[in-house]
Amino acid sequence: MVAAWLWLLCFLVPQVTLETEDRHVLWGPQPVRVRVKDENDQVPHFSQATYKVQLSRGTRLGVPFFFLEASDGDEPGTANSDLRFHILNQAPAQPASDMFQLEPRLGALALSPEGSASLDKALEGYYQLLVQVKDMGDQASGHQATATIDVSIVENTWVPLDPVHLAENLQVPYPHHIAQVHWNGGNVHYHLESQPQGPFDVDTEGKLYVTQELDREAQAEYLLQVRAQNTHSEDYAEPLELQVVVTDENDNAPVCPPRGPSVSIPELSPPGTKVAKVSAEDADAPSSPNSHVVYQLLSPEPEEPAELRAFELDSSSGSVTLGAAQLQAGQNILLQVLAMDLGGTDGGLSSTCEIPVTITDINDHAPEFTASQIEPVSLPEDAEPGTLVTTLTATDADLEPAFRLMDFAIEAGDEEGTFSLDWEPDSGHVQLRLLKNLSYEAVPSHKLVVVVRNVEELVGPGPGPGATATVTVLVERVVPPPQLDQESYEASVPISTPAGSLLLTVQPSDPLSSPLRFSLVNDSEGWLCIKEISGEVHTARPLQGAQPGDMYTVLIEAQDADEPTLSTSATLVIHFLKALPAPTPTLAPVPSRHLCTPRQDHGVVVSGPREDSDLAGGHGPFSFALGPNPTVQRDWRLRALNGSHAYLTLGLHWVEPREHVVPIAVSHNNQIWHIQVRVIVCRCNVEGQCMRKVGRMKGMPTKLSAVGILVGTLIAIGIFLILIFTHLTLARKKDLDQPVDNVPLKVAV
């Protein structure tokens, strides 16, 4: 009736919205989905009315040995089909009334704690369980059904297994049966595990198989674990262990070690010297005949008598030693040794091992120089460090390159370390080089003894006389050329400068050096002259023909007065200035000032002509410049403060303490004034005050009077001491002149 009404509603109403389960369904020409609510009208039922089950006495507590199956026709996932299992009755109720437990949701039947503890006391035969299944979950209401489970108690056949021995490379059909396990309960599945992983399997009946040949050298033992499990992969009991031992077969020949580098044996080594040891590895079972290896020498000369054999072999250890026969240096020998298993008996396996042997040279020759006396070598005393003095050559008669390596040293004659040796380790050539500067005055000659030694230890007699070489180095005296205080000189001179005017002074750089003799070269115009001793350069005549802006270059030559062959030169460049329009007036000397040396942060203020001076020629600004003398320009610095004053300071850190006259040129509107500034350069105290020599203060004694007073005092003291000494002498004489009776007697004690 409801379905009919719904069908009619679909055709009469074009669009109807029906709310069902929180969803809006659009009614119309579309298909309509109608959910019919389930009612609990189905009764659950078991898959069987009676179940036959076997229970082994070895079953562990809590492990299900049977799973009930029941179904309900109501909608799945609802309370109507939510089934619960329960045990209603156990018969017989001995030795405990609750021997079993049934998991309510899964229907898993297992032993209860009481049943597990008393299973060994359980009666023979079987237990009958009445079980119930009910829907509606844990609610009291619902439909129910019952069934019967007959549980038979059987003996435990899950017993330990004895080890299995399998021969490697076993030639049998595979899979090959090796053992059997059996779980006496029902509904069992067998599972096999191998440690390490091996070719083993188990079937549904509990038969264990090996599926392929085994190799003892790859794996000697396996540990198998067999599990008896229910349908949910739960172990009924502890797994059984089966040890599989793979027995050895003689299937591996001895393996020789890889052929290594040649063994070096020094020549003349005594008999019994160890050469090598052959150690062949056999992969068969250790300490068994299959791996018992012995050795036999195949070559060279295995059949020779003992006195003619060069090598001996220990058959058990494989040790090779030198025999009685002597070997020569440079021989290359290949030893062949046969390694045999089974102790060398018939049927064994063998391999041939090879040992290359080289007879080496010994270091029995000391190196020697090709010449023990070297011709004298002359070096100038200004030779640079690193200069090659000579090259020595040494040789060594040994054959081995390592024994020809040489070490060189200066054994005598170089206490100051003036020389060094340079050589390559693998070369017999050594270079003697200069390491420090030479000095003819200190050491005019050096006699060096160079020794050569082996780097390696020498065998046999020691070095002979040829192991040393003597080198004589003669030092040549070198006098350095003179040097001037400047590399070049410049001076600016007005073209109106008269003859005899001092332009500059040329000086040696070292005032303590040998005296110089000066001369001019290339003075084509004859304008200049230089004083031979002092080095002062003057104008020799008026500068006729010179033009302002021109430059005139001459060469100043300085010759050592003691060594005429030594000389030096410097250029002098004269810059010509415009002639002065009138005779150049000279200002009055500036009063003396003082400056400190070493240089401090103060100077002297220099002012231009005053406005009321007849020479001022108007107002400033004035230009200030030092005189043209290069020495003045080197020792002093002048900078303008403003248009009327300049500041004079020391140009060097140290200037000789004395009174200096500094020429300064003051110019303005083509007029030039020359000022002579007198500056006293002196040492100063920390306050910057000049420390001058102090004269005798009035009223103080002079040195001569002080000496007289001192001498008079000493004479008075001497006279007084003489009087005292004379008095003591006279008193002593008076005592000696008294009669004997007046001398007191000593009392004897």
Side-chain angles (χ1 to χ4, degrees), residues 1-13 15-28 30-55 61-93 96-115 126-152 186-187 230-234:
M1 185 65 180
V2 174
W5 277 104
L6 290 173
W7 179 84
L8 180 61
L9 186 62
C10 290
F11 286 94
L12 293 180
V13 182
Q15 289 186 347
V16 178
T17 300
L18 181 64
E19 183 175 333
T20 305
E21 296 183 352
D22 297 332
R23 295 184 181 180
H24 291 82
V25 180
L26 185 64
W27 291 84
Q30 294 85 355
V32 178
R33 177 179 160 193
V34 179
R35 179 177 179 182
V36 179
K37 183 178 180 181
D38 180 50
E39 295 291 337
N40 188 19
D41 55 355
Q42 299 293 319
V43 177
H45 61 276
F46 286 99
S47 60
Q48 295 178 217
T50 301
Y51 298 93
K52 302 291 186 181
V53 179
Q54 286 185 333
L55 173 62
L61 168 66
V63 178
F65 60 89
F66 179 69
F67 290 88
L68 288 171
E69 296 180 359
S71 59
D72 191 301
D74 291 318
E75 182 177 1
T78 63
N80 298 335
S81 61
D82 186 10
L83 303 182
R84 296 290 187 272
F85 298 91
H86 303 280
I87 298 176
L88 299 180
N89 184 47
Q90 169 192 315
S97 60
D98 52 352
M99 294 281 291
F100 304 94
Q101 62 185 16
L102 187 61
E103 205 284 323
R105 295 178 181 274
L106 299 178
L109 183 64
L111 283 172
S112 66
E114 292 78 3
Y126 63 88
Y127 287 89
Q128 188 176 67
L129 303 179
L130 179 63
V131 294
Q132 176 193 68
V133 61
K134 185 183 76 67
D135 59 11
M136 297 302 290
D138 294 328
Q139 299 180 26
S141 60
H143 301 290
Q144 60 186 13
T146 60
T148 302
I149 303 176
D150 293 336
V151 180
S152 299
N187 197 18
N230 59 22
T231 56
H232 287 224
S233 299
E234 296 175 299

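Bear in mind the structure is a predicted one, so any value in this text is a computation, not a measurement.
Residues Val53 and Phe65 meet the side-chain proximity criterion, which asks for heavy atoms closer than 4.5 Å. Contact annotation: the side chain of Glu75 never approaches that of Asn80 to less than 4.5 Å [non-hydrogen atoms, C-beta and beyond].
Residues Phe46 and Ala147 come closest through the heavy atom pair CD1-CB, 3.4 Å. Closest non-hydrogen pair, Pro44 versus Ala145, comes out as O-CB, 3.1 Å. Shown here for Ser141 and Lys134, the closest heavy-atom pair between the two residues is O-NZ, 3.3 Å.
Put simply, the side chain of Gln90 gets close to the backbone of Pro92: a donor and an acceptor are under 3.5 Å apart. Side chain of Asn89 to backbone of Leu130: no donor-acceptor contact under 3.5 angstrom is found.
Among the candidates Val43, Leu83, Val133, Asp72, the single residue satisfying the side-chain contact (heavy atoms from CB on, under 4.5 Å) test with His143 is Val43. None of Thr148, Thr146, Ile87 except one satisfies the side-chain contact (heavy atoms from CB on, under 4.5 Å) rule with Val131; the exception is Ile87.
Applying the side chain to side chain contact (heavy atoms under 4.5 Å, CB included) criterion to Leu61, with sequence neighbours excluded, gives Pro113, Ser116. Residues satisfying the side chain to side chain contact (heavy atoms under 4.5 Å, CB included) test with Ala79, not counting sequence neighbours, are Met136, Gln139. Remark: Asp135 pairs with Asn40 by the side chain to side chain donor-acceptor pair (under 3.5 Å) rule, at least two apart or across chains. When the ring-ring contact (aromatic ring centres under 6.0 Å, His included) test is applied to Tyr51, the partners found at least two apart in sequence or on another chain are Phe66. Partners of Asp38 according to the salt bridge (charged side-chain N to carboxylate O under 4.0 Å, His left out) rule, which considers only residues two or more places apart in sequence or in another chain, do not exist here. Applying the ring-ring contact (aromatic ring centres under 6.0 Å, His included) criterion to His232, with sequence neighbours excluded, gives Phe67. With sequence neighbours left out, Gln48 forms a side chain to side chain donor-acceptor pair (under 3.5 Å) with no residue at all. Qualifying side chain to side chain donor-acceptor pair (under 3.5 Å) partners for Gln144, counting only residues two or more places apart in sequence or in other chains: Gln132. Legend: residues meeting side chain to side chain donor-acceptor pair (under 3.5 Å) with Ser152, ordered by chain and number and at least two apart, are absent.
Applying the salt bridge (Lys or Arg N to Asp or Glu O under 4.0 Å) definition to pairs two or more places apart or across chains, those involving residues 46-55 are Lys52-Asp150. Screening residues 79-88 for salt bridge (Lys or Arg N to Asp or Glu O under 4.0 Å), with sequence neighbours left out, gives Asp82-Arg84, Arg84-Asp138.
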Listing, residues 97-110 side-chain donor-acceptor contacts under 3.5 Å, not counting sequence neighbours, or none:
unit_1, atom_1, unit_2, atom_2, d
Glu103, OE1, Arg105, N, 3.0
Glu103, OE1, Leu106, N, 2.5

